[in-house]
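Since the structure comes first, as structure tokens, the remarks are kept for the end.
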Amino acid sequence: EVQLVETGGGLVQAGGSLKLSCAASGFTFDGYAIAWFRQAPGNEREGVSCISINDNTTYYADSVKGRFTISSDNAKNTVYLQMNRLKPEDTATYYCAADPLCKATMNQMTYKYLELWGQGTLVNVSS
């Protein structure tokens with residue numbers, strides 16, 4: 001079965017750190033771009049970061065630049081999102097997804113066209 005599974009969410013105080021993981025099964029990451037999106041209650045889902053597995057090209061939303069780092073471990077078929085200096089406004093459910101060429105993450109197409117998503121992991125940043 002082809003799937004993505006996110007782990008690593010939790011409750012953290014503002015200024016703290018969390019590291020999310022997105023593990024793939026049923027396929028290999030080669031040739032894919034894997035993205036992190038987030039959705040807070042009442043808000044639209046937004047692209048946070050994306051990495052092209054083949055060449056490690058990365059993209060970050062302006063709101064997380066300098067604080068979040070995306071990386072991949074191809075041997076483990078896993079993509080990570082290291083989140084530092086967390087803010088209450090980072091509170092959301094975080095999802096990973098296969099995002100061809102990172103287009104949805106960069107708002108070049110709607111995220112609703114993406115077909116492969118994880119189930120999400122909740123990040124709650126307290127003030």
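The first residue in the sequence is number 1, and the count goes up from there.
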Of all the heavy-atom pairs spanning Tyr111 and Ala104, show the shortest one and how long it is.
->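 Between these two residues, the closest heavy atoms are CA-CB, 3.9 Å.
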Identify the two heavy atoms, one from Gly8 and one from Leu18, that lie closest to each other, and give their separation to 0.1 Å.
->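 Looking at all heavy atoms of both residues, the shortest contact is O-CD2, 3.8 Å.
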Any donor-acceptor pair under 3.5 Å linking the side chain of [X] with the backbone of [Y]?
| X | Y | value |
| --- | --- | --- |
| Asp90 | Lys87 | yes |
| Thr121 | Gly9 | yes |
| Gln119 | Glu6 | yes |
| Arg67 | Arg85 | yes |
| Asp99 | Thr105 | yes |
| Asp73 | Asn77 | no |

Can you tell which of Ile51, Thr58, Ile34 makes a side chain to side chain contact (heavy atoms under 4.5 Å, CB included) with Ser72?
->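 The residue from Ile51, Thr58, Ile34 that satisfies side chain to side chain contact (heavy atoms under 4.5 Å, CB included) with Ser72 turns out to be Ile51.
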Per the side chain to side chain contact (heavy atoms under 4.5 Å, CB included) rule, which among Thr69, Val48, Val123, Val125 passes with Met83?
->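 One option only clears the test, and that one is Val123.
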Any chain of hydrophobic side-chain contacts (each under 4.5 Å) joining [X] to [Y]?
| X | Y | result |
| --- | --- | --- |
| Phe37 | Met109 | yes |
| Tyr94 | Tyr80 | no |
| Val79 | Trp117 | no |
| Leu114 | Ile70 | no |

Taking the six-membered ring for Trp and the single ring otherwise, decide whether the centroids of Trp36 and Phe68 are under 6.0 Å apart.
->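 Between Phe68 and Trp36, which both carry aromatic rings, the centre distance is not below 6.0 Å.
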pair Thr7-Leu20: side-chain heavy atoms closer than 4.5 Å |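 No - every pair of side-chain heavy atoms lies 4.5 Å or more apart.
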Ring geometry between Phe27 and Tyr32 (parallel below 30°, tilted from 30 to 60°, perpendicular above 60°) |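 Aromatic pair Tyr32/Phe27 classed tilted.
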Tell me whether the guanidinium CZ or amine NZ of Lys65 lies under 6.0 angstrom from the six-membered ring centre of Tyr60 and within 45° of its axis.
->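 No cation-pi geometry.
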Within 45 degrees of the axis of the six-membered ring of Tyr95 and under 6.0 Å from its centre: does Arg45 put its NZ or CZ there?
->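 Arg45 over Tyr95 ring: yes.
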Pairwise distance SG(Cys96) to CG(Leu81) - rounded to 0.5 angstrom =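 So the SG of Cys96 and the CG of Leu81 are separated by 10.0 Å.
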